[in-house]
Amino acid sequence: MPKTLFEKIWDAHIVAQEPDSPAVLYIDLHLVHEVTSPQAFTGLRSRGLKVRRPERTVATMDHGIPTTPLDVPIMDQLAAHQIKVLEDNTKEFGVQLYGMHSAHRGIVHVIGPELGLTQPGMTIVCGDSHTSTHGAFGALAFGIGTSEVEMVLATQCLLQRKPKTCEVRVDGQLATGVSSKDIILALIAKIGIGGGTGYVFEYTGSAIRSLTMEQRMTICNMSIEGGARAGMIAPDDATIEYVAGREFSPKGADWDSAVARWRALPSDEGATYDSSIMLDAAALEPMITYGTNPGMGMRITERIPDPAGLGDANQKLALEKALNYMDLRPGQPLLGKKVDVVFIGSCTNSRISDLRLAAGLLKGRKVADGLRVMVVPGSQDVKKQAEQEGLDKVFKEAGAEWREAGCSMCIAMNGDQLQPGQYAVSTSNRNFEGRQGKGGRTFLASPLTAAATALTGAITDVRTLI
Amino acid sequence: MASFTTLTSRQVALPINDIDTDQIIPAQFLKVTDKNGLGQVVFHSWRFLEDGSPNPDFVLNQPVSQGAQILLAGDNFGCGSSREHAPWALTGFGFRAVISTSFADIFRNNALKNGLLPVVVDAPTHQMLFDLAEEAPQATLSIDLPSQTLTLPGGQTVSFPIDGFNKACLLNGTDEIGYVMGFEQDILAFEKGR
Ligand code: SF4
């Protein structure tokens, strides 16, 4: 019977399954970070267990770390303690850690692919919902909670019910100024933030095929914002080319057999999905969110919808509440709306190609007066690469901040945060109330839109600048 | 694992859709290395004013919420991040069940692992419960997991779905890690065979 990409990976990882019970699913790669792992290690210790497969477990620190120069000690005592706990835990249990001063440290979903840890056909989990990012390689990758982190540390397996599958077909060619971030924001605006609940997305179609690996990661990353725990893209030449030659990618004869396996992963002709969604890439424009969840998004040229026009009473209430928090009015355009901060970073858009796009626009220009522009590379490797290309100089000369790698203002745990009432255009993935600092207001957009806004100080359609 | 059989309690109504995990427990409280104390800061941004004092308008700060163990929330509860701190914060406050029309996948898993029962009801029942919360805030609901029923004050019962495996785990307080460790021979064979 023809199988989908998802089914092939799922079936190949079932260790056991009792009747009427979830599958015991083998996990190939377990990524760990400082925020969702301490209680799991504590649990392991209290059971007297070891990490079953330390060689399949890789840790880094990203959420709570400062993005200020590395020689300054961490002032936040709680964050410092949490980082110390991860150092101690990984040492005690023999887990590889890309720590504070490692040249390869970075956001967990940036370094996995960068180091070649992320490979097609794998099952990958992490105590982090944006683990969906790794699905760009044709892996089954999803976020888990801390109890599940403990289970995977202890057994290298996870108990899982088989999710349903949904094909998200994106055909057509993107127009200038429109990027993969706009594809995923448009999808979420269309289906809502619960639209993918219970499903794994497989992105297919000519538009997806034409994207680079980094652009594909941006899309899979935000699958969770559409409610889907995982998003996947079948491996192709671009995937194999990206993985080749990285630190942990297979070498020699192993490489050849791995490639042969990966070539067999794409969904078979005639394989069926439980549901499907279509999107026309050619019709897309740059997107921006106006509300307090990622589904409240629109074309940047549109006006904010009117709650009065919504039939569903709950949705009406939700939109009213969101506009109230954002201090915006129905019918208001967002173009020209002044902002206080532009944040370029996060596991959605902090890779080298994102920084190149932003730098391309900022080169030889200045950011608007009074605007704070933060550029936070996704990893120390991205930072190094950007500095080799002189992008750091472009940002600094334009008046932007060039910082150390980390999650930073995406989650505002490390002191990088909005002040109450401030507006930000952010390349991250969540615009929930207070996500970027209590009382802060977030507009999610692409790196191009963020860079265009950085130049003018107000929300700008990048197509007017290129 | 914490077990669950039956529960009779008042409900606390939060008629807001898409309550995300950042709302349940903001990121600033994720720096803990244990599971304790989060109940005091659950729904922090809504619960406390700028100066740190309790917001009297927020339902959790009102007498009706004291001792209540059932949270009635809008559609799509628990979307967002994978932080298990969300159920830790909810159970830390004293909640043992959340009623909604739907739950985000990761939140539901995390809740079940902490003895916090996600109760899915249909839209008319959902609305009826919100009406009840407004008209009779002191009224109690009963949840019976073995029969998968929710009983309203008038004696009317509605049934709710739950995965059979999860139900058994909750009723027996099954240690899921212990369950998976029981497959050691299968895991070894799987590792050998690849
Ligand atoms: S960058 Fe943001 S979304 Fe990504 S892992 Fe860090 S906190 Fe989570």
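Per chain, numbering begins at 1; letters A, B, ... match sequence-line order. Everything quoted here is computed from the prediction, not taken from an experiment.
Neither the backbone nor the side chain of A:Asn414 comes within contact range of chain B, judged by heavy atoms closer than 4.5 Å. When heavy atoms are compared at a cutoff of 4.5 Å, A:Asp28 approaches chain B solely by way of its side chain, counted from C-beta outward. Only the side chain of A:Ile224 comes within contact range of chain B, with heavy atoms under 4.5 Å apart. Of the two parts of B:Pro87, neither the backbone nor the side chain holds a non-hydrogen atom closer than 4.5 Å to a non-hydrogen atom of chain A. Contacts of A:His13 with chain B are made by both backbone and side-chain atoms, with heavy-atom separations under 4.5 Å. Only the backbone of A:Ala12 comes within less than 4.5 Å of a heavy atom in chain B; its side chain stays farther off. Heavy-atom distances place the side chain of A:Ala154, and not its backbone, under 4.5 Å from chain B. Using a 4.5 Å cut-off between heavy atoms, B:Asp34 touches chain A through its backbone atoms (N, CA, C, O) alone. Proximity to chain B (any heavy atom under 4.5 Å) is shown, for A:Glu225, by neither the backbone nor the side chain. In this structure, chain B has a heavy atom under 4.5 Å from the side chain of A:Leu49, while its backbone stays farther away. For A:Val24, the part lying near chain B is the side chain, with the backbone staying farther off; criterion is any non-hydrogen pair under 4.5 Å. With a 4.5 Å cut-off on non-hydrogen atoms, B:Leu188 touches chain A through its backbone and its side chain both. For A:Leu317, the part lying near chain B is the side chain, with the backbone staying farther off; criterion is any non-hydrogen pair under 4.5 Å. With a 4.5 Å cut-off on non-hydrogen atoms, A:Asn293 touches chain B through its side chain but not through its backbone. Residue A:Pro294 does not touch chain B at all, counting heavy-atom pairs closer than 4.5 Å.
Contacts with chain A (heavy atom to heavy atom, under 4.5 Å) involve no residue of residues 121-134 of chain B. Residues from residues 17-28 of chain B that place a non-hydrogen atom less than 4.5 Å from a non-hydrogen atom of chain A comprise B:Asn17, B:Asp18, B:Asp20, B:Asp22, B:Gln23, B:Ala27, given in numerical order. Inspection of non-hydrogen atoms places B:Asp175, B:Glu176, B:Ile177, B:Gly178 of residues 166-178 of chain B under 4.5 Å from chain A.
From B:Cys79, atom SG reaches atom CZ of A:Arg430 across 8.0 Å, with rounding to the nearest 0.5 Å. To the nearest 0.5 Å, atom CZ of residue A:Arg161 and atom CZ of residue B:Phe165 are 8.0 Å apart. To the nearest 0.5 angstrom, A:Ile83 atom CD1 is 12.5 Å from B:Thr33 atom OG1. Between B:Ser45 atom OG and A:Tyr325 atom OH the span is 7.0 Å, to the nearest 0.5 Å. To the nearest 0.5 Å, atom CG of residue A:Asp312 and atom CG of residue B:Asp75 are 7.0 Å apart. Here A:Gln82 contributes atom CD and B:Lys31 contributes atom NZ; the two are 8.5 Å apart, rounded to the nearest 0.5 Å.
Among the candidates A:Leu78, A:Asn314, A:Thr36, the residue making the largest number of heavy-atom pairs closer than 4.5 Å to chain B is A:Asn314. When the candidates A:Asp76, A:Val149, A:Thr42 are compared by the number of heavy-atom contacts under 4.5 Å with chain B, A:Asp76 comes out ahead. Per-residue heavy-atom pair counts under 4.5 Å with chain B were compared for A:Gly198, A:Gly439, A:Ala318, A:Ala412, and the maximum is reached by A:Gly198. Between chain A and the options B:Asn76, B:Asn109, B:Val32, B:Ile106, the largest number of non-hydrogen pairs under 4.5 Å is found for B:Ile106. Chosen from B:Glu50, B:Lys35, B:Arg194, B:Arg83, the residue pairing most often with chain A at heavy-atom distances under 4.5 Å is B:Arg194. Heavy-atom pairs under 4.5 Å with chain A were tallied for B:His85, B:Lys113, B:His44; the largest tally goes to B:Lys113. Considering only heavy-atom pairs separated by less than 4.5 Å from chain A, the leading option among B:Gly80, B:Ser102, B:Ala104, B:Gly164 is B:Gly80. Comparing A:Thr292, A:Asp128, A:Ile193 by heavy-atom pairs within less than 4.5 Å of chain B, the highest count is held by A:Ile193.
Across A:Ser129 and B:Ser82, no two heavy atoms sit closer than the pair N-OG, 3.5 Å. When all heavy atoms of B:Ile16 and A:Lys321 are compared, the closest pair comes out as CD1-CE, 3.7 Å. Contact detail for B:Asn114 and A:Ser147: the closest heavy-atom pair is ND2-OG, 4.4 Å. Between B:Val180 and A:Leu159, the shortest heavy-atom distance links the atoms CG2-CG, 3.6 Å. The two residues B:Asn110 and A:Gly145 make their nearest non-hydrogen contact at OD1-CA, 3.1 Å.
A salt bridge links B:Glu191 with A:Arg52: the closest approach of a Lys/Arg side-chain nitrogen to an acidic carboxylate oxygen falls below 4.0 angstrom.
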Going through the distances and angles, do B:Tyr179 and A:Met151 end up as a side-chain contact (heavy atoms from CB on, under 4.5 Å)?
-> CA-CA 10 Å; B:Tyr179 172 82; A:Met151 180 182 283; over 6 Å; no
Go through the steps for A:Cys157 and B:Ile187 under the test side-chain contact (heavy atoms from CB on, under 4.5 Å), then give the verdict.
-> CA-CA 8 Å; A:Cys157 293; B:Ile187 302 173; 3.8 Å; yes
Passes side-chain contact (heavy atoms from CB on, under 4.5 Å), B:Glu84 versus A:Glu148? Steps please.
-> CA-CA 10 Å; B:Glu84 200 160 319; A:Glu148 292 175 316; 5.8 Å; no
B:Phe190 vs A:Gln156, side-chain contact (heavy atoms from CB on, under 4.5 Å): CA-CA, chis, key distance, verdict = CA-CA 11 Å; B:Phe190 181 91; A:Gln156 204 57 39; over 6 Å; no
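Contacts of B:Arg108 classified as salt bridge (Lys or Arg N to Asp or Glu O under 4.0 Å), with partners at least two apart in sequence or in another chain: B:Asp105.
When the shell of 6.0 Å around CG of A:Asp20 is examined, it contains 12 or fewer heavy atoms from other residues, nucleotides or ligands.
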